[in-house]
Chemist: 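One structure coming up, written as C-alpha cells, with questions to follow.
Everything quoted here is computed from the prediction, not taken from an experiment. Order of listing sets the numbers, starting from 1, for every ligand and every atom in it.
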Amino acid sequence: MSFYNTFEHYKNFDFNNCFAGITDNQVQAAIQKEVLSHNDILALLSPCAEKQLEQMAQISQKITFQNFGKAIVLYTPIYISDYCDNHCAYCSFNRTNKITRKKLSFEEIEKEAISIASTGLRHILVLTGDSRKYSPVSYICEAIKILKKYFPAISLEIYALEEAEYAEIIEAGADGLTIYQETYDEELYEKLHPAGPKRNYIYRMDAPERACKAWMRSVNVGALLGLSDWRKEVFFTLLHAQYLQDKYTDTEISVSFPRMRPHTGKFDVSFPVSDKHLVQMILATRIFLKRAGITISTRENSKFRDNLMGLGVTRMSIGSNTAVGGHTTGNEYGQFQIADNRNIETFKQVILDKGFEPVLKDWQNITKL
Ligand code: SF4
C-alpha cells in the first residue's frame, strides 16, 4: 500500500464537473470543520471558494497562530552541482540545454558555506542535478559533513533515493528532504520527462515515503505550479501530505508552492497561476492540514511575499542564488530566475516590522555534532 493507491482512486475522477458544481454552502461547511474530508478540500479549492477568501484568510491565520505562533523560519539554497541526466522540459539544468556545467569541490563547498553562514542563516537546502555519476550519494554525504560545521539544519533537494540511501544521508547529518512530484498528472509527467531516471513516475511518487521510512525528520512535498491545472495539482499534493502525515507521525510534513519562473530553454507555462489562486491554495492547505509547514520561496516577489505573512506560511527562503557556487564563484547559470532579491538583514527587518519573528534556527541535530 502506497500513496499511489490513493492517487489511483481519483485517477479518472471528473474534477472539472465536480469543481463547477460546488456551492457556497459546501464551501462554508468546509471552512467551519475541524476535520475535513476530501470533498471539503475540493470545496476549498473550487472557483466558488474564491468569493470567500476573506473568511478563509481569517480562519487560516487563527490556525497558523495557534500552531506556529508568529514565527517565519528562514533558509537559503546552496547549489553544489548542476550536472543532470534528465530532460525535464521546464528546467535550465535539463541535459539538452547548452550551459556551462559545474560541480563544486569540497573546498568550494566550504567557501560557499562560510559565505552563507556569515549572513546569520542556519538552515540550508542543498541542491544537485540528477546525476549519480557527478553527484553520487558519497559526494552528497561528504558535502553534508562539511556543511554541518556551519548549519544545524540541513535539508536536501536531490534526485530520488532508495530507503537505505536516505538512511546514509541522515547518518551524514541531513535532517530534511524536499522532493516535488512536479505534476501528479501521470500522462503529462511522461511527456515532460522524456528521458532519464526521473521518468519513473511511481518511483518518484514513493520517494517521500522512503525518506519517512528511513526516519527523515522533515519531508516537504509539492507540485511545480504552471504545468497543469493548479486545483488538481494542489488536491493531490494535499492528499499526498495527509497520507504521509497520518502514516509517519514522527516526521514533520510540509508543503511548498513553487510557481514556475523564467529559465534557460524554451518552455511556456501552460497553466499560469494568479496571485489570488496562490493565496487560495495556501489558505485551503492551512484549513485542511493544520500542523503542516507551508513554504514560499524567492520565486515570488517581495511585495507578494510580505503580504503572505500571517496567511499560513511558516517558512521562507531568502538570500537565494540558484547557480552552482553562486555565492562565491560568480557562476551565472542559475536553475531559474528569482523574484525577491533582498538580503537577509532587510528581510528580517520587514518580518519584524510586520509583527512576526524571523527564526534563523529552530533545530539542532545534536547527535551529529
Ligand atoms: S528539475 Fe532536477 S532532474 Fe529535472 S532537469 Fe532540473 S535538475 Fe535535472
Side-chain angles (χ1 to χ4, degrees), residues 77-104 109 124-137 139-140 143 155-162 165-166 169 174 176-186 188-208 210-211 219-228 233 237 256-271 295 297-299 317 320-326 331-338:
I78 175 172
Y79 284 73
I80 61 172
S81 174
D82 57 17
Y83 287 91
C84 191
D85 296 336
N86 287 312
H87 275 206
C88 310
Y90 45 80
C91 178
S92 299
F93 297 163
N94 172 333
R95 77 178 188 196
T96 64
N97 284 336
K98 302 273 179 278
I99 59 168
T100 306
R101 306 273 167 176
K102 186 159 177 60
K103 168 188 171 178
L104 296 186
I109 290 173
I124 197 118
L125 175 66
V126 184
L127 294 99
T128 68
D130 185 341
S131 170
R132 283 184 177 266
K133 179 179 167 197
Y134 287 97
S135 45
V137 172
Y139 168 73
I140 296 168
S155 294
L156 299 174
E157 189 172 341
I158 57 172
Y159 50 93
L161 301 182
E162 292 292 320
E165 292 173 322
Y166 282 125
I169 60 170
L177 177 75
T178 287
I179 187 155
Y180 302 140
Q181 187 61 27
E182 316 295 12
T183 175
Y184 285 87
D185 181 326
E186 203 168 355
L188 179 65
Y189 187 94
E190 274 194 22
K191 281 187 201 143
L192 295 175
H193 305 95
K198 193 170 167 180
R199 193 166 160 71
N200 189 333
Y201 176 84
I202 297 179
Y203 186 74
R204 188 161 185 93
M205 183 176 268
D206 289 342
R210 291 196 294 278
V219 170
N220 183 29
V221 295
L224 184 58
L225 300 170
L227 298 177
S228 178
E233 297 289 8
T237 300
S256 284
F257 295 110
R259 195 158 47 161
M260 280 193 71
R261 292 282 303 149
H263 58 279
T264 304
K266 288 185 185 148
F267 182 81
D268 292 330
V269 177
S270 324
F271 292 83
T295 302
S297 75
T298 50
R299 289 171 180 266
S317 57
S320 305
N321 189 310
T322 67
V324 173
N331 181 13
E332 291 172 358
Y333 294 102
Q335 190 182 27
F336 54 84
Q337 286 176 21
I338 60 171

Chemist: What is the closest protein heavy atom to atom 3 (S) of ligand 1, and at what distance does it sit?
Modeler: Asn86 ND2, 3.3 Å
Chemist: Give me the nearest non-hydrogen protein atom to atom 7 (S) of ligand 1 as residue plus atom name, then the distance to 0.1 Å.
Modeler: Phe93 CB, 3.7 Å
Chemist: Would you confirm whether Arg199, through its side chain, and Glu190, through its main-chain N or O, come within 3.5 Å as a donor-acceptor pair?
Modeler: yes
Chemist: Could you walk me through whether Tyr83 and Lys133 pass side chain to side chain contact (heavy atoms under 4.5 Å, CB included), step by step?
Modeler: CA-CA 9 Å; Tyr83 287 91; Lys133 179 179 167 197; over 6 Å; no
Chemist: By number and element, which atoms of ligand 1 are closer than 4.0 Å to a non-hydrogen atom of Cys84?
Modeler: 3 (S), 5 (S), 7 (S), 8 (Fe)
Chemist: Counting each atom of ligand 1 from 1 as listed, which ones have a heavy atom of Asn94 under 4.0 Å away?
Modeler: 5 (S)
Chemist: Is the Lys NZ or Arg CZ of Arg299 less than 6.0 Å from the centre of Phe336's six-membered ring, within 45° of the axis?
Modeler: yes
Chemist: With a 4.0 Å heavy-atom cut-off (strictly under), which part of Arg95 contacts ligand 1: side chain, backbone, both or neither?
Modeler: neither
Chemist: Which residue supplies the protein heavy atom nearest to atom 6 (Fe) of ligand 1, what is that atom called, and how far is it?
Modeler: Cys91 SG, 2.3 Å
Chemist: Tell me whether Arg210 forms a cation-pi arrangement with Tyr203, defined as NZ or CZ under 6.0 Å from the six-membered ring centre and within 45 degrees of its axis.
Modeler: yes
Chemist: What distance do Ser131 atom OG and Arg101 atom CZ have between them, rounded to the nearest 0.5 Å?
Modeler: 9.5 Å
Chemist: Return yes when at least one N/O/S atom of Cys88 is nearer than 2.8 Å to atom 8 (Fe) of ligand 1, and no when none is.
Modeler: no
Chemist: Under a plain distance cut-off of 3.5 Å, with no hydrogens placed, do Asp185 and Thr183 share a side-chain donor-acceptor pair?
Modeler: no
Chemist: Looking only at protein heavy atoms, identify the closest one to atom 1 (S) of ligand 1 and say how far it is in Å.
Modeler: Lys198 NZ, 3.5 Å
